[in-house]
Every structure is written in structure tokens, then in C-alpha cells.
Amino acid sequence: MAILILLLAGLLGLPAWPDQGSAALQRWTLYLDGLYLSGYMAVGLMSLSMVLAMRWPRLERRLGGLDRAYQLHKQLALWGLGLAAGHYLLRELVKALRRAGLMLKPQDAPAGALEWLRPLHGSAKELGEWALYLVAVLVLLALWRRLPYRWFALAHRLMPLAYLAMVYHSLVFLPRGYWQGMGLWGAGLLLGLMLLGSVAALISLAGRVGRGRRHEGRLIEVRQQPLQVLELRLKLAPGWPGHESGQFGLLTLDSREGAHPFTIASSWKGDGELIFAIKALGDYTRRLPQLVRPGDRAWVEGPYGRFVFADGRPRQIWVGGGIGMTPFVARLQELAQERSQAQGAEGAPQSAHAVDLFYCTRQGDPDITQGLRELAAAAGVSLHVIEAATQGQLSAQRLMDSVPQWREASVWFCGPAAFGDALRQGLTAAGLAASDFHQEAFHFR
């Protein structure tokens, strides 16, 4: 919302047509105001969306993680598409009204276009229209969950081309009034956004997004675990900067398939090894056990994410749903390692937080559950196992009953979005500060 307000404030200087004159001129001025404002707000939001797709570390940190940045990227693209569609439909409506004789362009209407750009109007109109169609198709494909990820990724590579066509359309039709009076600073804002967006689009077309954070490695172990979880152990070449427990990487095992985001299931020990625990949830992850073997090349981009258990609360409550346990397993390993290293005459060190971990699963596997109990004990964490098949799903009230000191805690959730939303609503309604509920937003499409 703040971005929309900023853009609107910057673009309010756009109209420079007279607000006095005949009724026909007034109507025509209103139409042009709406046409230009909707068009330039659309390209402004699309520009911001393109920049957010770059995975620039500073932006990621400022926005609370790549998952949050991608959420905003998608929202801005949808807003931009809606405004672009409104821009196009407004133009078509006025054209229809003029053909029907219900609206006339006044003879005294000032020319809005720059004369030296008029020869480009035909190509700019055609490219702008086709770009709108292409963006609409690409956004719909991105929202269609049943489309295999590789086809989604392939189609998404066309988005920078559509965006550059929109920029060309916008520059050619940039009105004369935008360079006069208050419109000058609005033009500066808009041109700056289009320049940043164009640079981002060219980087994307060159295949350079995230290249500086990409590290090559090899699979050294592939293990099929219970509950349809595939565990991959990788050895990366020197250069991986290390990661915090709870972060994720973009893992590429097949260049044709592209990169998939997976939480890193191991704490960093400085030995170049990473573990990914991958649940069979989609077409690709179901086929993965038949596609990979020890010795295969792999690439990991990252680390990304700010789900890193950093806050000043005296107590933490962790809730992992199914494969959402992955970041908590990495953190348990880290805490267990710290406690083991600090063992001495004074005994185990006190943790910075008292931690309650809720492992929520439909029906647990005895071996996995026992392994979690041993790891939680080594880490000094209280484990609560919730099996929905026999105990029902964890609710906010049940969580509060299990941890009476919940008001002193921050809550860290990773799992199905609807489950997390229900817990968030219940806990915040009971008095938990919204800022104390941390939820991984792991939907990248």
C-alpha cells in the first residue's frame, strides 16, 4: 500500500491539461488524465516487480527475506497487470464511444504527444498491446498451480521481454505535460523506476540473476527417508559463505528443470556439506528419487531467508508442520553442537531462549519421532509430538494450554499456509503481538 501511495503521489503531477473550457474539453481532459495515470502507475509497479525479481541481498534483508520479496513481487505484478488492463479498456471504451458519436475529441484539445516521437506511435501501440496480452498469459500461468514448475520457469523467462515492450510504449507516449510544472519530479520518479526495471530485465535475459551467489557441488549421498522424504547430502566447492539455521537455498539438479527453493536441513559446520530434505509434494519432487544419483553435479544459490530464530524474547515456540520441520532440525543440530562443545565443569550452558517445539504430522514415523526426541534432548528443547490422525490438529488454544508462558514467547511457524494462518489468527486474537509470529512464506509462484 505504501508503494502505491508513493507512486500515486509522484504521478499526480502528470496532468498538465487545462481544467477550464468547454464541457467536451473537460471530458476529454478527464479521459487523458485517467489514461496516462493508469498507464504510468502500471509500468511503475511492473518496474518495482522486475527489481524485486533480482534477488539482490540488500533488498532481501530489508524486506525480511527472499520469500517476502517474492510475495511482494507477485502482488506488484498483479496490481500492475490490473492497471494496465484498465488503461487498455479505457482507451477501447473511448474509441467505441467516438465511433458511435457519443464522444468527440475537441478541436481545441492540446496535443499531448511529443512531435518527434509521432513516427514511433504505430509500433509503440502494437508492442504495448501484445505486451499486455503476454503479461496476462504469463501471470495466469504463474497462478495455475497444476502447471509443472519447469514450464512455469520457462514461461516466466519471457516476462522481461514483455516488460521492455511496455517501457518502450510508455516512453513513446510520455506526454508533453509530464515535462512541465509539477510533472517534472513525477517524470524523474517514473523514469528512474523504468531505468532500474530495464536494467533488471536485461540482467534476467542474460541469465545473470543470482549468478554471484551460485555455488557448484556434487551429491555425495541420496537417502530415501520415511514419509516420502528424500534426503540429499551435497559437498560444495570452496566459496559457500555459510548459512544460518532456517535459511534456504535454490537448488538446481537439472539445468532444464531450473532452480527450486528448499530449506537447508543441516547446520553449518564449515566443511562445505549441506543436507536438503525434500518432500514429494509435486510432479518434480515425486520423480526426484529416480532422477538423481551420488556423484551428480548440483548448484546451490544462496543462502536466502530471514527465518533465523533471531529475536529478543526470553522464550520461543516452534511449530513445524510435516516437511516444515526442516529449519527446526537444522537449528536443533546447531544448538546440540553448541551444548556439546560447551560441556565442562559447569555443565551444559543455558540457552538464550527456553524453547518448545511442536512437531505436527498426520501420522508420525517411529524412527523419525525417536530421532527428533534424541536431538531435542541434546539441544535442550522441549518436544511436543502432535499426530493429527489420533490427537487432532494443533490449535491456538491447545498451544497456549501446553505452554502457559506463551505471552513471553515469539512463535516460529513453518508448514502449510492455512495451518499457520489459523494459528496466527488465534494467537494474535488472544493477545500475541503480530510481530512475534514469524511464518515462512514459501510460495514462490
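Since this is a predicted model, take the numbers as computed values, not measurements.
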Quick check: Phe309 with Phe328 (ring centres under 6.0 Å apart)? yes
Applying side chain to side chain contact (heavy atoms under 4.5 Å, CB included), run through Tyr284 and Tyr149 and close with a yes or a no. CA-CA 8 Å; Tyr284 176 66; Tyr149 185 88; 5.6 Å; no
Parallel, tilted or perpendicular: which fits the ring planes of Tyr70 and His73, with parallel below 30° and perpendicular above 60°? tilted
Any [X] side-chain heavy atom under 4.5 Å of [Y] side chain:
X	Y	value
Leu132	Val135	no
Ser204	Arg157	no
Pro303	Trp240	yes
Val94	Trp28	yes
His169	Met166	no
Arg214	Val300	no
Leu399	Ile317	yes
Leu76	Met46	no

Can a cation-pi geometry be assigned to Arg213 and Tyr304, taking NZ or CZ under 6.0 Å from the six-membered ring centre and within 45° of the ring axis?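 Arg213 over Tyr304 ring: yes.
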Looking at every heavy atom in both [X] and [Y], which two are closest together, and how far apart are they?
X	Y	result
Tyr163	Val43	CE1-O, 4.3 Å
Tyr40	Ser170	OH-O, 2.7 Å
Tyr31	Met103	CB-CE, 4.1 Å
Leu219	Arg293	CD1-O, 3.7 Å
Ala165	Ala131	CB-CB, 3.8 Å
Ala155	Leu138	O-CD2, 3.1 Å

Pairs of donor and acceptor atoms involving the side chains of residues 249-258, under 3.5 Å and at least two apart or interchain, shall be tabulated with distances.
residue, atom, partner, partner atom, Å
Asp254, OD1, Arg256, N, 2.9
Asp254, OD1, Arg256, NE, 3.3
Asp254, OD2, Arg256, NH2, 3.2
Glu257, OE2, His260, NE2, 2.9

To the nearest 0.5 Å, what is the distance between [atom1] on [X] and [atom2] on [Y]?
X	Y	atom1	atom2	result
Leu25	Lys105	CG	NZ	11.0 Å
Met325	Cys360	CE	SG	9.0 Å
Ile275	Leu232	CD1	CG	9.5 Å
Arg118	Phe173	CZ	CZ	9.5 Å
Leu141	Phe152	CG	CZ	9.5 Å
Leu357	Leu375	CG	CG	9.5 Å

Would you say the side-chain atoms of [X] and [Y] include a donor-acceptor pair closer than 3.5 Å?
X	Y	result
Tyr168	Ser123	yes
Tyr88	Ser38	no
Glu231	Gln225	yes
Thr361	Glu387	no

Carboxylate-amine/guanidinium proximity below 4.0 Å for [X] and [Y]:
X	Y	value
Asp296	Arg218	no
Arg211	Glu301	no
Glu273	Arg233	yes
Arg297	Glu216	yes

Does [Y] offer a backbone N or O that forms a donor-acceptor pair with the side chain of [X] under 3.5 Å?
X	Y	answer
Thr285	Ala280	no
Gln247	Gly305	yes
Lys279	Leu227	yes
His215	Pro241	no

Neighbour count above 12 (heavy atom, 6.0 Å) for [X] [atom1]:
X	atom1	result
Arg287	CZ	yes
Glu126	CD	no
Lys235	NZ	yes

Donor-acceptor pairs under 3.5 Å, side chain of residues 409-419 to any protein atom, not counting sequence neighbours: which ones?
residue, atom, partner, partner atom, Å
Ser410, OG, Asp311, OD2, 2.4
Ser410, OG, Trp412, NE1, 3.0
Trp412, NE1, Asp311, OD2, 3.4

Working note: Gln316 + Trp318, criterion side chain to side chain donor-acceptor pair (under 3.5 Å); need CA distance, chi angles, decisive distance, verdict. CA-CA 6 Å; Gln316 291 186 346; Trp318 304 347; 2.9 Å; yes
Scan the side chains in residues 422-431 for donor-acceptor partners under 3.5 Å anywhere in the protein, sequence neighbours excluded, and list what turns up.
residue, atom, partner, partner atom, Å
Arg424, NH2, Gln439, OE1, 3.4
Thr428, OG1, Arg424, O, 2.7
Thr428, OG1, Gln425, O, 3.3

Is there a side chain to side chain contact (heavy atoms under 4.5 Å, CB included) between Val51 and Trp56 once you walk through the steps? CA-CA 8 Å; Val51 170; Trp56 284 329; 3.6 Å; yes
Carefully, step by step, assess Lys269 and Gln337 under the rule side chain to side chain contact (heavy atoms under 4.5 Å, CB included). CA-CA 9 Å; Lys269 300 178 180 63; Gln337 183 180 1; 4.0 Å; yes
Should Arg91 and Leu35 be marked as a side chain to side chain contact (heavy atoms under 4.5 Å, CB included) after you check the CA-CA gap, both sets of side-chain angles, and the distance that decides it? CA-CA 7 Å; Arg91 189 192 66 149; Leu35 186 70; 3.9 Å; yes
